[in-house]
*Asks:* 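I'd like to ask some things about the structure below.
Here the structure is a predicted model, which is why all the values come from computation and not from measurement.
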Amino acid sequence: MSERPEQERPRGFFDDVAAVARGMGTVFKQTFRKDNTERWPQEIAVVPARSNIGRHRLNRHDDGLEKCIGCELCAFACPADAIWVEGEENDPENPVSPGERYAKDYQINYLRCIMCGLCVEACPTRALTLTSYYEMSFESREEAIWDKERLLEPPPPLGTDPVDREG
């Protein structure tokens with residue numbers, strides 16, 4: 001014995017009207033809901049303490065020496081190839097970092113950076129960290145490439161960027 005497959009009933013006019021009514025119900029529900037608009041930069045939302053979503057920072061030891069030893073592990077770990085590190089031998093009489101090497105040239109291209117944090121995880125000395133400062137804008141490609149001197153500076157407080165005051 002062979003079983004006969006169930007036949008679908010044909011769609012009628014009322015099925016089409018019900019489908020349109022369900023769609024319009026969704027439209028009306030979204031149309032009359034309360035807006036969720038942020039008034040940034042006039043009102044800056046507090047960033048959670050552990051949300052490291054902003055720019056990178058190169059850290060120093062308490063004695064002023066740089067923590068970066070120029071190992072280039074952060075550059076190797078970067079999937080976007082946004083980091084350039086050139087290491088050099090440290091001068092024993094005038095050291096830049098406590099190790100045998102230091103980062104002679106350190107650059108991060110923020111046009112390529114995807115803020116994944118793999119560079120921070122790869123750093124053996126915790127020289128590179130992500131901060132909570134996320135207000136970055138660039139007017140040219142050259143401004144988007146941050147060198148070692150800019151990365152060593154601490155980020156300003158949120159809402160103090162001159163661009164924010166224009167808004």
*Asks:* Filter on side-chain hydrogen bond (donor to acceptor under 3.5 Å, both in side chains), then keep only pairs touching residues 107-119, sequence neighbours left out; what's left?
*Replies:* H56-Y110
*Asks:* So which atom in V27 and which in T31 form the shortest heavy-atom distance, rounded to 0.1 Å?
*Replies:* O-OG1, 2.7 Å
*Asks:* Apply the hydrophobic cluster definition, ILVMFWY joined by side-chain contacts under 4.5 Å directly or through others, and give me every member besides V20.
*Replies:* M24, F28, F32
*Asks:* According to a 4.5 Å side-chain heavy-atom criterion applied to Ile, Leu, Val, Met, Phe, Trp and Tyr, with indirect links allowed, do M115 and W84 form part of one hydrophobic cluster?
*Replies:* no
*Asks:* When hydrophobic residues are tied together by side-chain contacts of less than 4.5 Å, even through go-betweens, does L151 share a cluster with F138?
*Replies:* yes
*Asks:* Show which side-chain atoms of residues 66-81 pair as donor or acceptor with protein atoms under 3.5 Å away, not counting sequence neighbours.
*Replies:*
unit_1 : atom_1 : unit_2 : atom_2 : d
E66    : OE1    : K148   : NZ     : 2.9
E66    : OE2    : K148   : NZ     : 3.2

*Asks:* Which residue in the set L65, N90, D91 passes side chain to side chain contact (heavy atoms under 4.5 Å, CB included) when paired with V96?
*Replies:* N90
*Asks:* Using the side-chain hydrogen bond (donor to acceptor under 3.5 Å, both in side chains) rule, collect all pairs that involve residues 17-26, keeping only residues at least two apart or in two chains.
*Replies:* none
*Asks:* With hydrophobic residues grouped by side-chain heavy-atom distances under 4.5 Å, do V120 and L118 end up in a single group?
*Replies:* no
*Asks:* Can you tell me if E89 has over 12 outside heavy atoms packed within less than 6.0 Å of its CD?
*Replies:* yes
*Asks:* Can you find a pair of side-chain heavy atoms, one from R126 and one from N59, that are under 4.5 Å apart?
*Replies:* no
*Asks:* What verdict does the side-chain contact (heavy atoms from CB on, under 4.5 Å) test give for L58 and L128, after you've listed the backbone C-alpha separation in whole Å, the side-chain angles of each residue and the deciding distance to 0.1 Å?
*Replies:* CA-CA 5 Å; L58 281 174; L128 188 65; 4.0 Å; yes
*Asks:* Do L152 and I108 belong together in a cluster built from hydrophobic side chains that touch within less than 4.5 Å?
*Replies:* yes
*Asks:* Would the number of heavy atoms belonging to other residues, nucleotides or ligands and lying under 6.0 Å from CG of D62 be above 12?
*Replies:* no
*Asks:* So does F13 get a backbone contact from the side chain of D16, meaning a donor-acceptor N/O pair under 3.5 Å?
*Replies:* no
*Asks:* Which residues pass the side chain to side chain donor-acceptor pair (under 3.5 Å) test with E43, sequence neighbours left out?
*Replies:* R39
*Asks:* Mind checking side chain to side chain donor-acceptor pair (under 3.5 Å) for E88 and listing every partner two or more places apart, or none if nothing turns up?
*Replies:* Y102
*Asks:* Does Y133 form a side-chain contact (heavy atoms from CB on, under 4.5 Å) with R57? I'd like the steps, not just the answer.
*Replies:* CA-CA 10 Å; Y133 185 77; R57 179 174 183 197; over 6 Å; no
